[in-house]
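What follows is one structure encoded as structure tokens, with my remarks underneath.
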There are 2 protein chains.
Amino acid sequence: MTTSDAAAGSTLGAAAARLRVAVPSVADRVAAELRLQLAEGLLLPGARLTESTIADDLGVSRNTVREAFAELAAERLVVRHPNRGVFVASLEAGDIHDVYTVRRAIEVSAIRGGGSPERVAAVRAAVEEGKAAAAANDEEGLGSANQHFHGAIVALAGSRRLDTIMSQVLAEMRLFFHKATVDAHFYRGYLPDNEEICKALEAGELDRAGELLLAYLNRSEERQTAVHGE
Amino acid sequence: MTTSDAAAGSTLGAAAARLRVAVPSVADRVAAELRLQLAEGLLLPGARLTESTIADDLGVSRNTVREAFAELAAERLVVRHPNRGVFVASLEAGDIHDVYTVRRAIEVSAIRGGGSPERVAAVRAAVEEGKAAAAANDEEGLGSANQHFHGAIVALAGSRRLDTIMSQVLAEMRLFFHKATVDAHFYRGYLPDNEEICKALEAGELDRAGELLLAYLNRSEERQTAVHGE
DNA sequence: ATCGTCGGATTGTTGAACAATCGGCCAAAG
DNA sequence: CTTTGGCCGATTGTTCAACAATCCGACGAT
């Protein structure tokens with residue numbers, strides 16, 4: 001869950017990288033800023049991102065913005081149309097199914113592998129975080145708690161690569177959630193599922209946890225496609 | 001569900017994209033060239049890639065090379081050391097386990113979901129390709145046939161995202177296979193496994209196919225870590 | 001109303017420039 | 001002899017300005 005800092009490098013480069021004062025490249029900071037605006041729904045799907053405009057707004061060079069775009073494009077948050085510009089990615093029905101296919105693969109695999117007690121505890125923490133948000137009627141908190149829950153499940157596997165894949169998938173989903181989030185009770189119904197899945201995980205009933213999670217994801221996909229229209 | 005061909009793009013952008021004459025950007029072509037040299041073992045792990053050198057060699061601008069580097073870095077084929085340059089990625093023991101964790105997740109998930117007859121046929125074709133290569137004593141062909149086999153398995157799911165993830169993982173593995181490939185009989189032992197897995201798949205025994213594939217991957221990881229030296 | 005053409009705007013790519021940073025070398029100090 | 005310190009060359013990070021290529025929309029001709 002934490003693993004906030006960047007991935008490690010080579011043998012002793014790892015230590016060096018961990019020690020290094022984090023001075024993200026300008027391009028990285030631009031990408032981070034855009035990622036933020038995307039997550040907050042400030043930039044809606046389909047919107048166009050003009051290089052020069054962003055360069056001026058953020059006070060950086062066009063080339064730097066370009067590098068940032070490359071990052072975001074690699075994460076599928078943005079789509080490049082050659083000679084036309086980059087646009088905020090907009091997912092359609094097929095993409096939703098695709099995203100859920102990825103989630104089914106990595107989440108179910110991760111939970112069926114179990115995980116260290118600390119990692120299971122992280123899952124539990126996310127469940128409680130969701131309950132607290134529900135009690136406080138904090139819709140935004142409910143949403144992020146749910147993402148923490150699924151992120152923690154993937155983190156069970158302890159794989160750097162699976163973690164980044166999952167975080168990218170979640171970032172993609174945030175992109176078109178802004179439509180669905182208006183439905184205030186959207187996540188609330190998932191709380192019991194999370195609780196049950198977590199219990200099964202804690203009890204070591206990994207196969208059952210996997211089944212539950214799979215069913216959950218299937219239902220979630222169904223609902224998403226319904227909300228998204230067709 | 002069929003959506004036989006890749007998921008569509010934007011409403012009519014799909015047609016445009018399909019129609020568009022493929023004119024990869026210069027940066028893309030540079031990236032492709034480097035990818036090729038990486039796959040052929042011309043650029044060994046740990047090797048340094050100097051911007052200006054490559055820019056001169058390929059007759060492009062340094063900025064363009066930089067964009068190509070961004071692409072490759074996103075694919076983990078190359079690692080950026082800030083202010084020091086980019087180096088060909090070199091996987092260590094932990095990375096091998098990590099890569100196999102990803103493979104277990106997506107390959108097993110894909111095979112357990114079955115797939116259309118054509119996609120199953122593609123898996124069968126890869127198996128036969130491997131047999132033919134073995135008969136011809138074509139070690140190189142054996143290796144690529146094996147990759148086709150696993151690629152075809154993931155393709156069963158019909159997910160664009162899973163496909164790209166898998167192709168990236170395979171590209172990563174090619175990076176450090178050059179050490180192992182010297183062992184001429186490396187892949188040969190896997191042929192019977194592939195055959196059996198394929199048979200189970202064709203017979204619709206998806207759970208069993210998943211089990212076999214999982215065992216296969218575990219053995220393969222074991223062997224890889226052994227070859228790679230602890 | 002349809003088609004061709006033109007113009008404006010934006011992207012793709014280049015080349016040069018400069019500051020920042022790194023690694024290594026060498027000298028001085030302990 | 002080892003270590004500390006600083007300098008130098010090389011490479012990267014970033015910016016800027018320019019140009020060709022391409023696209024979109026509008027305008028005008030048929």
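A quick note: this is a predicted structure, and the numbers were derived from the prediction, not measured. Below, chains carry the letters A, B, ... as their sequence lines are ordered, and counting in each starts from 1.
Separating the CZ atom of B:F87 from the C1' atom of C:dC22 is a distance of 10 Å, rounded to the nearest angstrom. To the nearest angstrom, C1' of C:dT13 lies 11 Å from CD of A:E51. Between A:R84 atom CZ and D:dG25 atom C1' there is a gap of 12 Å when expressed in whole angstrom units. Summarising the geometry, the separation between CG on A:N63 and P on D:dT14 is reported as 11 Å, rounded to the nearest angstrom. As a whole-Å value, the separation of B:F69 CZ from D:dT12 P is 8 Å. Remark: C1' of C:dA9 and CZ of A:R48 are 8 Å apart, rounded to the nearest angstrom. Rounded to whole Å, the distance from CG on A:N83 to P on C:dT11 is 10 Å. Put simply, NE2 on B:H81 is 14 Å from C1' on D:dT12, counting in whole angstrom units.
Taking the side chain of B:T50 as heavy atoms from C-beta on, and the options D:dT12, C:dG23, C:dT11, the nearest nucleotide is D:dT12.
DNA chain C lies under 4.0 Å from at least one heavy atom of each of the following residues of residues 25-36 of chain B: B:S25, B:V26. Of the residues in residues 54-61 of chain B, those with a non-hydrogen atom less than 4.0 angstrom from any atom of DNA chain C are B:V60, B:S61.
Screening residues 23-34 of chain A for side chain to side chain donor-acceptor pair (under 3.5 Å) gives A:E33-A:Q37 as the qualifying pairs, with residues at least two apart or on separate chains.
Look at A:R62 and you won't find any side-chain N or O under 4.0 angstrom from OP1 or OP2 of D:dA17. Between A:R66 and the phosphate of D:dT14, there is no side-chain N or O to OP1/OP2 separation shorter than 4.0 Å.
Every residue two or more places apart in sequence or in another chain that forms a salt bridge (charged side-chain N to carboxylate O under 4.0 Å, His left out) with A:R219 is listed here: A:D193. Partners of A:E140 under the side chain to side chain donor-acceptor pair (under 3.5 Å) rule, at least two apart in sequence or in another chain, do not exist in this structure. A:R161 pairs by the salt bridge (charged side-chain N to carboxylate O under 4.0 Å, His left out) definition with B:D95, B:D98, B:E172, not counting sequence neighbours. Checked against side chain to side chain donor-acceptor pair (under 3.5 Å), B:Q168 has no partners two or more places apart in sequence or in another chain. By the side chain to side chain donor-acceptor pair (under 3.5 Å) test, B:S220 is found to be paired with B:Y100, residues two or more places apart in sequence or in another chain being considered. Residues that satisfy the side chain to side chain donor-acceptor pair (under 3.5 Å) test with B:R62, not counting sequence neighbours, are B:E51.
A:N218 and A:R104 share a side-chain donor-acceptor pair at under 3.5 Å.
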Determine, step by step, whether B:Y190 and B:H150 satisfy the ring pair (Phe, Tyr, Trp, His ring centres under 6.0 Å) criterion, reporting the C-alpha distance in whole Å, the side-chain angles of both residues, the deciding distance to 0.1 Å, and the verdict.
CA-CA 12 Å; B:Y190 293 151; B:H150 291 281; 8.3 Å; no
